[in-house]
Amino acid sequence: DRHEAVGELFDDFFLREELIGFLKEVHDLERLTGKLACGNINARDLLSIKNSVQILPKIKQRLSTCKTGLLIFLAQQTDPLEDVFELLHAAVAEEPPVSVKESGIIKDGYNPEIDKLRRASGEGKLWLADLEKRERDKTGIKSLKVGFNRVFGYYLEVSKSNIDSVPDYYIRKQTLVNGERYITPELKDMEAKVLGAEERLSSIEYDIFVSLRKEIAAECARIQKAAESIATLDVFISLGRVAAEYQYCRPILTDNGDLVIKDGRHPVVER
């Protein structure tokens, strides 16, 4: 049966190359499900699972057109995992961060609260970007800039040569070698809104990610079974491809116990 399967992949160049193209899109599902079962998976791993299972229906459909028993059996055994794909496709962003504690994991439109907080954070950041221009126009300090760090939050930075032009409502926050950093009540108020929205956003996204991870982990056995089918197909394809490239011939199997080799070639030594 195995030789029949390899033989079909040896003979049919287009079948072989099409399946090779599909397999290039499949990540290491065994390793990913191992991480998933241990709860040691991040959003990018979930994206890899999604992108892998997305190819399974194509592989299943193509194998169903084959002639040999084992390849047809693999088609029947391959679970397309369409429900797993649909869930991950709906929930996981296309370019999620590595850390599961950062925002940006969940796709827009999946959760109304996340969408609302993203709008609030985005509008706040636009306001902060516009603040720099407004304050430059008001004060006449062309080098004034809005900055941010995790210790002081948002601030207005003015070089030493322009300190005399700083208005009274600026509150000094930090002295630098080349200038001063200030805040205003308006700036602190917007900072609280932006940072509050981002903190809440990260928290909600993490909770949804944990729930999603648990839901996908419940399908580990199905994913592993699909991975086993893919691995078996990978072996058959590899043998068929190597046989075609190096012109190996298929052995004739008998039940008489004889081993007959004519014009034998050692595949390792020869290479």
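In what follows, every heavy atom counts, from backbone to side chain, and hydrogens, waters and symmetry copies are set aside. For clarity, every value in this text was computed on a predicted model and none was experimentally measured.
- Note that the CD1 atom of Ile106 and the CD1 atom of Ile204 stand 11.0 Å from one another [nearest 0.5 Å].
- Contact of the Arg241 side chain with the Ser238 side chain is not registered, since no non-hydrogen atoms from C-beta on lie closer than 4.5 Å.
- Residues Val235 and Leu19 share a hydrophobic cluster, clusters being chains of Ile/Leu/Val/Met/Phe/Trp/Tyr side chains in contact below 4.5 Å.
- Between the CG atom of Leu131 and the OG1 atom of Thr184 there is a distance of 6.5 Å, given to the nearest 0.5 Å.
- Taking each heavy atom of Ala227 and Leu29 in turn, the nearest pair found is CB-CB, 3.6 Å.
- Figure legend: cation-pi geometry between Lys101 and Tyr206, with NZ or CZ positioned under 6.0 Å from the six-membered ring centre and within 45° of its axis.
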Legend entry - Trace of the side-chain contact (heavy atoms from CB on, under 4.5 Å) decision for Glu215 with Leu87: CA-CA 9 Å; Glu215 202 170 339; Leu87 177 58; 3.5 Å; yes
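- Residues Lys173 and Glu157 are not paired through a salt bridge, judged by the lack of any N-O separation under 4.0 Å between the basic side chain and the carboxylate.
- Between Leu56 and Ile230 there is a side-chain heavy-atom pair separated by less than 4.5 Å.
- A salt bridge is defined here as a Lys NZ or Arg NE, NH1 or NH2 lying under 4.0 Å from an Asp or Glu carboxylate O, and Arg222 with Asp83 meets this definition.
- For Arg271 and Tyr246, the positive end sits near the middle of the six-membered ring, less than 6.0 Å away and at most 45° from its axis.
- With Arg136 contributing its side chain and Leu144 its backbone, the two residues share a donor-acceptor pair below 3.5 Å.
- In this structure, the side chain of Ser52 engages the main chain of His27 through a donor-acceptor pair within 3.5 Å.
- With hydrophobic clusters built from ILVMFWY side chains whose heavy atoms lie under 4.5 angstrom apart, Ile252 does not share a cluster with Phe10.
- At least one side-chain heavy atom of Leu233 sits under 4.5 Å from a side-chain heavy atom of Ile59.
- The two atoms that bring Ala226 and Asp79 nearest to each other are CB-O, 4.1 Å, heavy atoms only.
- Residues Val26 and Leu71 share a single hydrophobic cluster, defined by chaining ILVMFWY side chains whose heavy atoms lie under 4.5 Å apart.
- A 6.0 Å sphere centred on NZ of Lys160 holds more than 12 heavy atoms belonging to other residues, nucleotides or ligands.
- Ile105 approaches Ala43 most closely through the heavy-atom pair CG2-CB, 3.7 Å.
- Under the 3.5 Å distance criterion, the side-chain polar atoms of Glu8 are matched with a main-chain donor or acceptor of Thr68.
- For the pair Ser64 (side chain) and Gln61 (backbone), a donor-acceptor distance under 3.5 Å is present.
- The distance from atom OG of Ser143 to atom CG of Asn178, rounded to the nearest 0.5 Å, is 11.0 Å.
- At a threshold of 4.5 Å between non-hydrogen side-chain atoms, the residues Phe85 and Pro80 do not count as touching.
- Around NZ of Lys58, the count of heavy atoms belonging to other residues, nucleotides or ligands within 6.0 Å does not exceed 12.
- Of all heavy-atom pairs spanning Tyr154 and Ile183, the tightest one is O-CG2, 3.7 Å.
- The main-chain N or O of Asp258 is found under 3.5 Å from a side-chain atom of Asn256 such that the two form a donor-acceptor pair.
- The CG atom of Leu36 sits 12.5 Å away from atom NZ of Lys214, with the distance rounded to the nearest 0.5 Å.
- More than 12 heavy atoms of other residues, nucleotides or ligands sit less than 6.0 Å from atom CG of Asn149.
- A donor-acceptor distance shorter than 3.5 angstrom exists from the side chain of Thr78 to the backbone of Leu74, with no hydrogens or angles considered.
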Legend entry - Ile20 and Glu17: CA distance, side-chain angles, deciding distance, side-chain contact (heavy atoms from CB on, under 4.5 Å) verdict: CA-CA 5 Å; Ile20 286 171; Glu17 289 302 310; 3.7 Å; yes
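- The side-chain heavy atoms of Asn42 and Ser99, taken from C-beta on, include no pair separated by under 4.5 Å.
- A salt bridge links Arg118 to Glu205: at least one charged side-chain nitrogen sits closer than 4.0 Å to a carboxylate oxygen.
- A 6.0 Å sphere centred on OH of Tyr169 holds more than 12 heavy atoms belonging to other residues, nucleotides or ligands.
- In the hydrophobic cluster analysis, where Ile, Leu, Val, Met, Phe, Trp and Tyr join through side-chain heavy atoms closer than 4.5 angstrom, Tyr248 is grouped apart from Leu9.
- A heavy-atom distance below 4.5 Å is not found between the side chains of Tyr170 and Ile163.
- Within 6.0 Å of the CZ atom in Phe22, the count of heavy atoms belonging to other residues, nucleotides or ligands exceeds 12.
- In terms of heavy atoms, Leu32 sits closest to Ser48 at CD1-CB, 3.8 Å.
- Residues Glu198 and Lys193 are not paired through a salt bridge, judged by the lack of any N-O separation under 4.0 Å between the basic side chain and the carboxylate.
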Inset, instruction - Please lay out, stage by stage, how Leu128 and Glu191 fare under the test side-chain contact (heavy atoms from CB on, under 4.5 Å). - result: CA-CA 9 Å; Leu128 287 164; Glu191 176 187 89; over 6 Å; no
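- Side-chain atoms of Lys60 come within 3.5 Å of backbone N or O of Ala75 as a donor-acceptor pair.
- Between the side chains of Ser159 and Asn162, at least one donor N or O sits under 3.5 Å from an acceptor N or O.
- Annotation: Glu30, atom CD; neighbour count of heavy atoms from other residues, nucleotides and ligands within 6.0 Å is above 12.
- Note on Leu126: it does not cluster hydrophobically with Leu187, by side-chain heavy-atom contacts below 4.5 Å among ILVMFWY residues.
- Rounded to the nearest 0.5 Å, atoms CG (Asp207) and CD (Glu113) are 11.5 Å apart.
- At a threshold of 4.0 Å, the pair Asp115-Arg119 does not count as salt-bridged, since none of the basic side-chain nitrogens sits closer than that to a carboxylate oxygen.
- Counting only heavy atoms from C-beta outward, the side chains of Lys107 and Val92 never approach each other to under 4.5 Å.
- The pair Lys225-Glu228 does not meet the salt-bridge criterion, since no charged nitrogen lies less than 4.0 angstrom from a carboxylate oxygen.
- Shown here is Gln247, whose CD atom has no more than 12 heavy atoms of other residues, nucleotides or ligands within 6.0 Å.
- Between Ser229 and Gln77, the side chains place no donor N or O within less than 3.5 Å of an acceptor N or O (distance only, hydrogens not considered).
- Both the sub-6.0 Å distance and the 45° axial angle are satisfied by Arg181 relative to the ring of Tyr155.
- In this structure, Leu88 and Val84 have side chains that are in contact, with non-hydrogen atoms separated by less than 4.5 Å.
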Inset, instruction - Could you give me the CA-CA distance, side-chain angles and deciding distance for Glu135 and Lys145, then say whether salt bridge (charged side-chain N to carboxylate O under 4.0 Å, His left out) is met? - result: CA-CA 9 Å; Glu135 290 300 319; Lys145 60 183 180 181; over 6 Å; no
Inset, instruction - Give the C-alpha distance, both sets of side-chain angles, the deciding distance and a yes or no for side-chain contact (heavy atoms from CB on, under 4.5 Å) between Ile223 and Leu81. - result: CA-CA 8 Å; Ile223 299 171; Leu81 297 169; 4.0 Å; yes
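- Taking a 6.0 Å sphere around CD of Glu95, one finds it holds 12 or fewer heavy atoms contributed by other residues, nucleotides or ligands.
- With values rounded to the nearest 0.5 angstrom, Met190 atom CE is found 7.5 Å from Glu186 atom CD.
- Nearest heavy atoms, Gln174 versus Glu180: O-OE1, 3.3 Å.
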Inset, instruction - Quick one: do Asp130 and Arg134 satisfy salt bridge (charged side-chain N to carboxylate O under 4.0 Å, His left out)? Show the steps, please. - result: CA-CA 6 Å; Asp130 190 48; Arg134 291 201 314 270; 2.9 Å; yes
